[in-house]
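Atom set for the values below is all heavy atoms of this structure, side chains included, hydrogens, waters and symmetry mates excluded. In what follows, every chain begins at residue 1, and chains take the letters A, B, ... in the order their sequences are listed.
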Number of protein chains: 2
Amino acid sequence: MMGCEKVGTRERILETAIDLFAMKGFNDVSIREITKAVGIKESSLYNHFASKQQMLDEIFEYLSKQFESRSVSEEEAVRHIEGLNPTEFMEMCLMNFNMYFGEPKLMKIWRILSIERFRNERANDFFTKQLIDTPLTYQSAVFEAMMKKGLIKEGDPKALARAFYSFMLFIYLRYFEVGHQDNPAANEELREMLKAHINFFTGAIAKYIL
Amino acid sequence: MMGCEKVGTRERILETAIDLFAMKGFNDVSIREITKAVGIKESSLYNHFASKQQMLDEIFEYLSKQFESRSVSEEEAVRHIEGLNPTEFMEMCLMNFNMYFGEPKLMKIWRILSIERFRNERANDFFTKQLIDTPLTYQSAVFEAMMKKGLIKEGDPKALARAFYSFMLFIYLRYFEVGHQDNPAANEELREMLKAHINFFTGAIAKYIL
DNA sequence: GTCTATACTTCGATAGAC
DNA sequence: GTCTATCGAAGTATAGAC
């Protein structure tokens with residue numbers, strides 16, 4: 001009788017699971033809790049997913065595919081960034097932040113990863129690679145190219161990348177990882193902090209006034 | 001018959017709980033698991049602790065008291081740091097790192113906090129305050145004092161503190177928060193990274209060659 | 001203070017009617 | 001594809017003998 005909307009039940013389950021996992025973590029959310037929120041019985045869920053674990057796997061798979069589809073080569077990254085002035089560079093940083101955390105669904109999955117990485121080695125590897133190591137590699141390549149072109153002072157590009165990018169991790173750790181914020185008022189404050197950060201770096205590494 | 005060592009059972013339980021909670025998180029460790037590791041029956045544990053939650057509360061209480069006993073005022077911090085040369089300053093940073101994470105027991109409790117802060121608002125508040133906000137305040141006060149004395153370039157001390165201290169959070173997030181490391185070989189690498197970081201900052205903010 | 005035994009709850013998952 | 005009903009396992013915690 002109510003089965004007229006059978007299309008979408010699977011997706012509704014998955015969206016609900018993402019919401020709940022992001023709030024409480026995979027282990028602290030029960031099948032009963034998910035199905036109650038969706039409005040179905042526990043047993044019905046198993047017509048769509050073989051196990052609770054499979055739901056988590058699909059969620060991580062989704063994030064992984066998002067990154068595959070959006071990834072660019074280091075060469076492209078260098079070409080895009082090395083010629084920018086400070087203001088344009090800041091906008092680029094904000095865009096990157098938005099690519100990672102701008103969409104609520106992706107943000108929630110990052111939170112799930114942040115929680116699961118303590119229990120799951122694969123989750124930790126993905127988290128470390130995508131959120132830390134890969135961005136550092138790109139950032140280092142960009143700084144190295146800028147040094148070779150004489151745009152910024154000579155130095156250790158890896159150390160410079162760590163110093164610059166650490167701030168992004170600080171923002172994530174302090175304002176994004178634990179989900180009690182979601183207030184748009186803080187956005188302007190974050191933007192000001194990023195501006196101040198880039199101002200500092202511009203002054204610190206500029207060979208000439210950019 | 002074996003009751004000859006009744007002194008210490010409570011402490012053994014607590015130490016075992018810290019070990020297990022740090023590895024798997026509070027919720028993923030059962031009373032059965034703890035008591036089995038200690039070598040007692042489940043019911044015996046309740047002669048020492050009223051509940052599982054009380055054990056966690058005591059663990060956090062312990063960390064909290066450690067910080068109370070070691071805390072110094074901002075004025076003291078400024079006096080200690082503002083006159084240091086870069087090498088001395090680096091040693092100071094390493095000492096601070098060791099104060100937070102040098103003792104295995106404290107390191108484990110930080111890991112428990114890292115996990116619990118997603119489920120427990122008080123844990124998150126403590127984590128945020130002790131690991132991020134308070135150190136940033138101190139660091140900012142130090143930079144502000146150095147600016148006033150003309151030791152470093154004028155600028156926004158808060159932004160400078162964020163830029164400098166973010167690196168410490170990067171190290172924690174990347175190498176300490178998830179406990180799969182514990183290899184002393186990486187220590188030298190971390191020391192090199194810290195040295196490079198301080199070198200970069202020294203060059204960036206020094207008014208004169210220090 | 002430790003033991004045996006057990007109460008009570010919640011969990012993930014399954015069987016089978018419709 | 002959803003339901004009712006239920007299973008077996010694992011969780012926290014308690015009662016009472018020793």
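- Distance, Asp28(B) CG to dT10(C) C1': 15 Å, rounded to whole Å.
- With contacts defined as side-chain heavy-atom distances shorter than 4.5 Å, the pair Phe60(B)/Phe126(B) does not qualify.
- Under 4.0 angstrom from either OP1 or OP2 of dC3(C) there lies at least one side-chain N or O belonging to Ser44(B).
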Before you tell me yes or no, could you show the steps for Glu82(B) and Lys148(B) under salt bridge (Lys or Arg N to Asp or Glu O under 4.0 Å), namely the whole-Å CA-CA distance, both residues' side-chain angles and the distance that decides it to 0.1 Å? CA-CA 11 Å; Glu82(B) 64 179 345; Lys148(B) 281 187 181 155; over 6 Å; no

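- Per the geometry, CE belonging to Met55(B) stands 10 Å off P belonging to dT12(D), to the nearest Å.
- Base contact: Lys41(A) has a heavy atom under 4.0 Å from a base atom.
- No donor-acceptor pair under 3.5 Å is formed between the side chain of His197(A) and the backbone N or O of Met193(A).
- Listed nucleotides dC3(D), dG12(C), dA13(D) differ in distance to Glu42(B); the shortest reach to its side chain belongs to dA13(D).
- Between Arg32(B) and Gly39(A), the residue whose closest nucleotide on DNA chain D is further toward the 5' end is Gly39(A).
- For the pair Glu33(A) CD and dT9(C) P, the computed distance is 19 Å after rounding to whole Å.
- Here dG11(D) presents its P atom at 12 Å from CG of Asn27(B), a figure rounded to the nearest Å.
- Atoms CD (Gln54(A)) and P (dA13(C)) sit 10 Å apart, rounded to a whole Å.
- The backbone N or O of Leu113(B) sits nowhere less than 3.5 Å from a side-chain atom of Glu116(B) that would complete a donor-acceptor pair.
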Can you list, pair by pair, the side-chain donor-acceptor contacts under 3.5 Å of residues 134-144 of chain A, counting residues two or more places apart and other chains?
unit_1, atom_1, unit_2, atom_2, d
Thr134(A), OG1, Lys129(A), O, 3.0
Thr137(A), OG1, Asp133(A), O, 2.9
Tyr138(A), OH, Val72(A), O, 2.3

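- Scanning atom types as modelled, one donor and one acceptor separated by under 3.5 angstrom connect the side chain of Ser43(A) and the base of dC3(D).
- The separation between Ile13(A) atom CD1 and dG12(C) atom C1' is 15 Å, rounded to whole Å.
- One interatomic measurement links the two molecules: NZ of Lys52(A) to P of dT14(C), which rounds to 15 Å at whole-angstrom precision.
- Between the NZ atom of Lys36(A) and the P atom of dC3(D) there is a distance of 14 Å, given to the nearest Å.
- Residue-level contact check: Val38(B) touches neither bases nor backbone, having no heavy atom under 4.0 Å from any strand.
- In the set dC3(D), dA13(D), dG12(C), the nucleotide with an atom closest to the side chain of Ser30(A) is dG12(C).
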